[in-house]
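For reference, the structure discussed in these notes is given below.
Both ligands and their constituent atoms are indexed starting at 1 by order of listing. In this chain, numbering begins with 1 at the start of the sequence shown.
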Amino acid sequence: VLPPRSSARVDLQRYRELHRRSVEEPREFWGNIAKEFYWKTACPGPFLQYNFDVTKGKIFTEWMKGATTNICYNVLDRNVHEKKLGDKVAFYWEGNEPGETTKITYRELLVQVCQFSNVLRKQGIQKGDRVAIYMPMILELVVAMLACARLGALHSIVFAGFSAESLCERILDSSCCLLITTDAFYRGEKLVNLKELADESLEKCREKGFPVRCCIVVKHLGRAELGMNDSPSQSPPVKRPCPDVQICWNEGVDLWWHELMQQAGDECEPEWCDAEDPLFILYTSGSTGKPKGVVHTIGGYMLYVATTFKYVFDFHPEDVFWCTADIGWITGHSYVTYGPLANGATSVLFEGIPTYPDEGRLWSIVDKYKVTKFYTAPTAIRMLMKFGDDPVTKHSRASLQVLGTVGEPINPEAWLWYHRVVGSQRCPIVDTFWQTETGGHMLTPLPGATPMKPGSASFPFFGVAPAILNESGEELEGEAEGYLVFKQPWPGIMRTVYGNHTRFETTYFKKFPGYYVTGDGCRRDQDGYYWITGRIDDMLNVSGHLLSTAEVESALVEHEAVAEAAVVGHPHPVKGECLYCFVTLCDGHTFSPTLTEELKKQIREKIGPIATPDYIQNAPGLPKTRSGKIMRRVLRKIAQNDHDLGDTSTVADPSVINHLFSHRCLTTQ
Ligand code: WTA
């Protein structure tokens, strides 16, 4: 257990007190927070109404229904006009190429958003319409999403790493009438011709009888040709050699962003919306098949992301915040755009990747902008660990105060490296557990308040009432392991699956009536700390013992030769299931029988003989989603030599799959 810092916004005792109140009196707790926001009209009826029990009728949650507001007004106009933050930098934009930078103030951002709202209005976009956005990490992406919000239109952002097919599927599912995209961009050294993918996608939509009527294209790679007035900020774009990207132009459909913006007025009255009107749709993969369109609503989401941002990152006005997530994921929606802007924060928006032009890129950016709070994913940390300490320690990082992680359980090995090397043992780490569905953080330490245990997401955030259930749905007290569920609504909970409320009820509320079911396994220790053990479908039962893939992986990664590990269950005649492990080695290590023996010994020592793997396969690469999640479903099939992989359209690099198939372990080691 690592002790907290002394200078925190709340201490542990205050946290406990506030948490108790937030759960016992949610209406009063969130009602007080709501007073800090602008409401066009106050909430006329009950502040909160809900039903979490499928046996009692339809599942619903309503916070502040009947109150009217606009989230764009709250995060921009209010900051500029009321809080006098007009000249404060909202974003430092750092391009893929070092030196390619620009910045935008709150006032400039407001102007751009108003202009683009007028553009959208002219294209016929109205409250309730769906707008698809398929863009890299550039300022226009933030402008586009906030303009939708200003008009009460729903943005459906599709990560620019997704294929044309995936984009088409998402456009069709929520019948988006307009697409906003970009000519092309670089990710490291790789050129992505995004417009080509967008065209392909719109062609597929047409073939399926759904013609998207308008496609607005940002000239990003070709920006240098445009001259300085079209850059999102006043500073001139850095010139760089622009390769000849061939762009097809569909007359009657395609429109240049910069041409439309030139003609647009810079004032735009926001559309006043109900707190319970939808704000956006964001697709997340279902455990099987079709992606789910998670729907978040305006009022509750606004309160929740603003409050989690403030407390979890211990926000102070002079902070420079940097969340490395792409806006195409929920982490980017909540902690690149809405959460920081709601607090009037200054953030970094980074287009590139951690290893380009070298492995020290993140830390050079930290130093350049004097980043104080830094938020990333365990997979990025493990990837960087492979290169050793030097790329980190050659940068100062003296500005850093709080480090965060999100997305998957962080193994203590990676946690300790993050803490020791990146944070120089000075910075608290917030291991934030949450989901696309939850809108914001659910389980997390508060920096400086919560004594940290490496690998534990620790305690619930305000308003969050977790419970651990056994298979029969009974709540377990004290030390326990089982299904992680939430007993009551928090403001940021998703309201439905777009166009399929039944799927929403089935996925999250059917298994245990009365609870929101996360799908994650969880353990509570004797001190009340929560430890996420991985998705329930990643739970293994070896000889009647429940094991989590995460704990075995963590043991493997603690070995100096192992950079990354993925463990899946494999059928076994005596044990029921046994462990099949895939390990990616660090540079300079070779795979050998001696190494596999050492790894088994390591697991036996860390967890116990019960967790000894039967198979360990050398995996130079692992199948991952584009957001970096290991696809254990695919690995299970590989282990069993089952080539019927189902949908693999979300695998970032499909070639690793063939390699793993052809190097399968045939016998136990
Ligand atoms: C996992 C990302 C352990 C978990 C915000 C969850 C985590 C899923 C953590 C949601 C964490 C996320 N520790 N596991 N700190 N954070 N997860 O929807 O399995 O992309 O259910 O949202 O990621 O992933 P999603």
*In ligand 1, which numbered atoms sit nearer than 4.0 Å to a non-hydrogen atom of Thr331?*
5 (C)

*Any luck finding a side-chain donor-acceptor pair between Tyr508 and Gln435 under 3.5 Å?*
no

*asked:* Measuring from atom 18 (O) of ligand 1, which candidate in Thr436, Leu484, Ile330 has the nearest non-hydrogen atom?
replied: Thr436

_I'd like to know if the side chain of Arg397 pairs up with that of Ser424 as donor and acceptor (distance under 3.5 Å, no hydrogens or angles considered)._
yes

*asked:* Minimum distance, heavy atoms only, to atom 21 (O) of ligand 1: which one of Leu443, Ile532, Asp520 is it?
replied: Asp520

*Name all pairs fulfilling the salt bridge (Lys or Arg N to Asp or Glu O under 4.0 Å) condition that reach into residues 405-416, sequence neighbours left out, sorted by first residue then second.*
Arg382-Glu408

*Among protein heavy atoms, which sits nearest to atom 23 (O) of ligand 1, and what does the distance come to when rounded to 0.1 Å?*
Gly407 O, 3.1 Å

*Starting from atom 20 (O) of ligand 1, find the nearest protein heavy-atom neighbour and note its residue, name and distance.*
Lys629 NZ, 3.0 Å

*Relative to the heavy atoms of Val406, which atoms of ligand 1 are at a distance of less than 4.0 Å?*
5 (C)

*Nearest protein heavy atom to atom 8 (C) of ligand 1, by residue and atom, and its distance?*
Trp434 O, 4.1 Å

*Between the side chains of Arg130 and Ser174, is a donor N or O closer than 3.5 angstrom to an acceptor N or O?*
no

*With sequence neighbours left out, write down each residue that passes ring pair (Phe, Tyr, Trp, His ring centres under 6.0 Å) with Phe159, or none if nothing qualifies.*
Trp329

*Which ligand 1 atoms are under 4.0 Å away from a heavy-atom of Thr432?*
9 (C), 11 (C), 15 (N), 16 (N)

_Carboxylate-amine/guanidinium contact Lys453 Asp527, below 4.0 Å_ = yes

_Numbered atoms of ligand 1 (with element) below 4.0 Å of Pro409, judged on heavy atoms_ = 3 (C), 13 (N), 14 (N)

*Going by distance alone, is a donor N or O of one side chain under 3.5 Å from an acceptor N or O of the other, for Thr438 and Tyr304?*
no

*Would you please say whether a donor-acceptor pair under 3.5 Å links the side chains of Tyr283 and Ser166?*
no

*asked:* I'd like to check which ligand 1 atoms, numbered from 1 as shown, lie under 4.0 Å from a non-hydrogen atom of Asp431.
replied: 11 (C), 13 (N), 15 (N)

*What's the shortest distance from atom 9 (C) of ligand 1 to any protein heavy atom, and which residue and atom give it?*
Glu408 N, 3.5 Å

